[in-house]
Amino acid sequence: MEPSAKATYIREHLIAWYQEEKRDLPWRRTSDPYHIWISEVMLQQTRVDTVIPYYERFTKAFPTMKDLAAAEEDHLLKLWEGLGYYSRARNLQAGVREVIERYGAEIPKSREEISTIKGIGPYTAGAVLSIAYGVPEHAVDGNVMRVLSRLYALENDIAQAKTRKLFEHLVMDIISPDDPSSFNQGLMELGAVICTPQKPKCLLCPVREACQAFAEGKETILPIKTKKIKSKSVQYNGYVLQRADGKWLVEQRGEGLLAKMWQFPLIELEDTEWNTRYGIAWSETESVGEVTHVFSHLKWTVNVYAGKAEVDDQKAEVGVWVTEEELAKLPLPVPIQKMWNLRQAYK
DNA sequence: AATCCGGGGTG
DNA sequence: CACCCAGGATT
């Protein structure tokens, strides 16, 4: 198919299909650019079905940028708890504060300006601009790279950074000037529903006639992605300890992995200074089982111990004793929740 | 360009 | 188990 005719075909059939078949999602019922921004941040590396309840709670808790700007960090993280990539929440709040201070609470409408805002990268910039404001800008995510690599039978390695730029140029060549929102969302919707990673539903595809991969029988070998994940294993002993007054020992994590989230004390098995670090003397601790948790390139194995403890406040360097009610209000990463569930089940 | 940053669905 | 998801920040 001749290039400009192919672009026209894709625009028309993709948008018509999207208008007719699009899923009814919460962020498709709003025109508030701030709420659309929230949805795009939550959707980074995260599936639609996972995001929906988080989006509903978050927009209810922080309906305006002013509400989010004023939020406490623990409250913010509690509402993000379980969603992962917690820096997204902090960057979103920092970004909202920037928009209030520098742009009078109005999200900028140019790629150049919006890209300076914390947490808004090339994808989110294009998504917010096109969906909230109708600006014809590319929004290239994993779905779009997969769909376009098939439509144009491109064998570039989508794991490489420069390949994303190739797709950004391609989108700018073929994007609908009249409805960039439906065009961008149509590409993503197609990737999520029809042009899936495994077993694409080509017989249901609205743009199959323009798909070079389908024509050549390459739809299952595209896109090409080379990168491999090397994961490390780390072993811990973890302690769910209760004091005589009924309170539990927790501590707040520092920077890096699960930054600023709360946890029960974790000791790397190689760490021989645990007793001095916590200043704890405990008795009646017993093993209650093992927790495993897989991160992107890390695997935790935690031997969980429960018991009663007394702490020498003079020696304790870290840790806070909290009631069960206070514990419930702290943002706890999933592996820590697993530790708690294990201890409760063991009783 | 490579690495870090979560968690869950899917086969 | 491997893959991947409406990616961005940091180095």
Side-chain angles (χ1 to χ4, degrees), chain A residues 18 22-23 25-28 36-55 77 80-92 94-95 114-132 138-147 157-165 167-168 171 181 183-193 195-200 220 223-232 253-261 263 292-300 331-338:
Chain A
Y18 175 72
K22 65 182 177 186
R23 292 167 291 177
L25 303 175
W27 44 90
R28 288 179 177 163
I36 292 170
W37 178 10
I38 292 171
S39 74
E40 290 302 337
V41 172
M42 287 185 168
L43 286 162
Q44 289 166 9
Q45 295 298 103
T46 311
R47 287 192 162 74
V48 165
D49 291 339
T50 304
V51 167
I52 290 174
Y54 285 90
Y55 173 85
L77 289 175
W80 211 273
E81 178 186 271
L83 196 54
Y85 287 139
Y86 299 97
S87 65
R88 290 185 295 177
R90 282 187 292 274
N91 287 340
L92 178 59
I114 202 174
S115 297
T116 66
I117 295 168
K118 205 69 154 181
I120 297 189
Y123 164 76
T124 305
V128 172
L129 289 173
S130 62
I131 297 170
H138 59 79
V140 174
D141 68 343
N143 282 316
V144 173
M145 288 196 287
R146 182 173 59 257
V147 169
D157 180 6
I158 66 169
Q160 293 189 354
K162 62 179 181 180
T163 302
R164 198 198 70 234
K165 291 181 176 292
F167 286 113
E168 288 172 353
V171 169
S181 171
F183 183 85
N184 282 340
Q185 292 191 81
L187 282 178
M188 292 186 274
E189 188 83 354
L190 191 69
V193 177
C195 198
T196 47
Q198 281 90 25
K199 295 187 177 181
T220 57
I224 305 294
K225 188 172 186 179
T226 60
K227 204 174 261 182
K228 294 173 184 173
I229 307 156
K230 42 184 173 181
S231 83
K232 291 178 290 185
R253 294 177 65 86
E255 302 303 320
L257 182 68
L258 303 171
K260 303 294 179 64
M261 303 285 282
Q263 68 177 17
T292 62
H293 191 78
V294 178
F295 298 91
S296 297
H297 21 291
L298 204 60
K299 180 180 178 181
W300 280 12
L332 305 174
V334 169
I336 303 303
Q337 294 177 33
K338 290 178 180 172

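Throughout, protein chains are lettered first and strands after them, A, B, ... in sequence-line order, and every chain is numbered starting at 1. Side-chain atoms are counted along with the backbone in the values below, which use heavy atoms only and exclude waters and symmetry mates. Bear in mind the structure is a predicted one, so any value in this text is a computation, not a measurement.
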Base, sugar-phosphate alone, or nothing: which one does A:Pro335 contact when heavy atoms must sit under 4.0 Å apart?
sugar-phosphate
DNA chain B contacts among residues 82-92 of chain A, heavy-atom distance under 4.0 Å
A:Gly82, A:Leu83, A:Gly84, A:Tyr85, A:Tyr86
Side chain to side chain donor-acceptor pair (under 3.5 Å) involving A:Lys118 - partner list, sequence neighbours excluded:
none
Which is true for A:Ser39 with a 4.0 Å heavy-atom rule: it touches a base, it touches only sugar-phosphate, or it touches nothing?
nothing
Indicate, with a heavy-atom threshold strictly under 4.0 Å, whether A:Lys225 touches base, sugar-phosphate, or nothing.
sugar-phosphate
Checking all strands, does A:Arg23 fall into the base, sugar-phosphate, or nothing category for heavy-atom contacts under 4.0 angstrom?
base
We want to know whether A:His293 and A:Lys338 form a side-chain donor-acceptor pair, criterion being a heavy-atom distance below 3.5 angstrom.
yes
Describe the nucleic acid contact of A:Ala161 in one word from base, sugar-phosphate, nothing, applying a heavy-atom distance below 4.0 Å.
sugar-phosphate
Measuring to OP1 and OP2 of B:dG7, would you say a side-chain N or O of A:His293 lies under 4.0 angstrom away?
yes
Quick one: label A:Val41 by what it contacts on the DNA or RNA (base, sugar-phosphate, nothing), any heavy atom closer than 4.0 Å.
nothing
ring-ring contact (aromatic ring centres under 6.0 Å, His included) involving A:Trp300 - partner list, sequence neighbours excluded
A:Tyr236, A:Phe295
Classify the nucleic acid contact of A:Gly191 as base, sugar-phosphate or nothing, counting any heavy atom under 4.0 Å across all strands shown.
nothing
A:Tyr85: what forms a side chain to side chain contact (heavy atoms under 4.5 Å, CB included) with it, not counting sequence neighbours?
A:Gln45, A:Arg88, A:Ser296
For a quick check of understanding: with a heavy-atom distance under 4.0 Å over all strands, which category does A:Thr50 fall into, base, sugar-phosphate or nothing?
nothing
Can you sort out the partners of A:Arg28 under side chain to side chain donor-acceptor pair (under 3.5 Å), two or more places apart, ordered by chain and number?
A:Tyr18, A:Gln185, A:Glu189
Residues which pass side chain to side chain contact (heavy atoms under 4.5 Å, CB included) with A:Glu168, listed by chain and number, not counting sequence neighbours:
A:Pro122, A:His138, A:Val140, A:Arg164, A:Lys165
Have a look at A:Leu190 and say if it touches a base, only the backbone sugar-phosphate, or nothing, with a 4.0 Å heavy-atom cut-off.
nothing
Whole angstrom is fine here: how far is it from CG in A:Leu258 over to P in B:dC5?
9 Å
For A:Gly95 and A:Ile117, work out which heavy atoms get closest and say how close.
CA-CG2, 3.6 Å
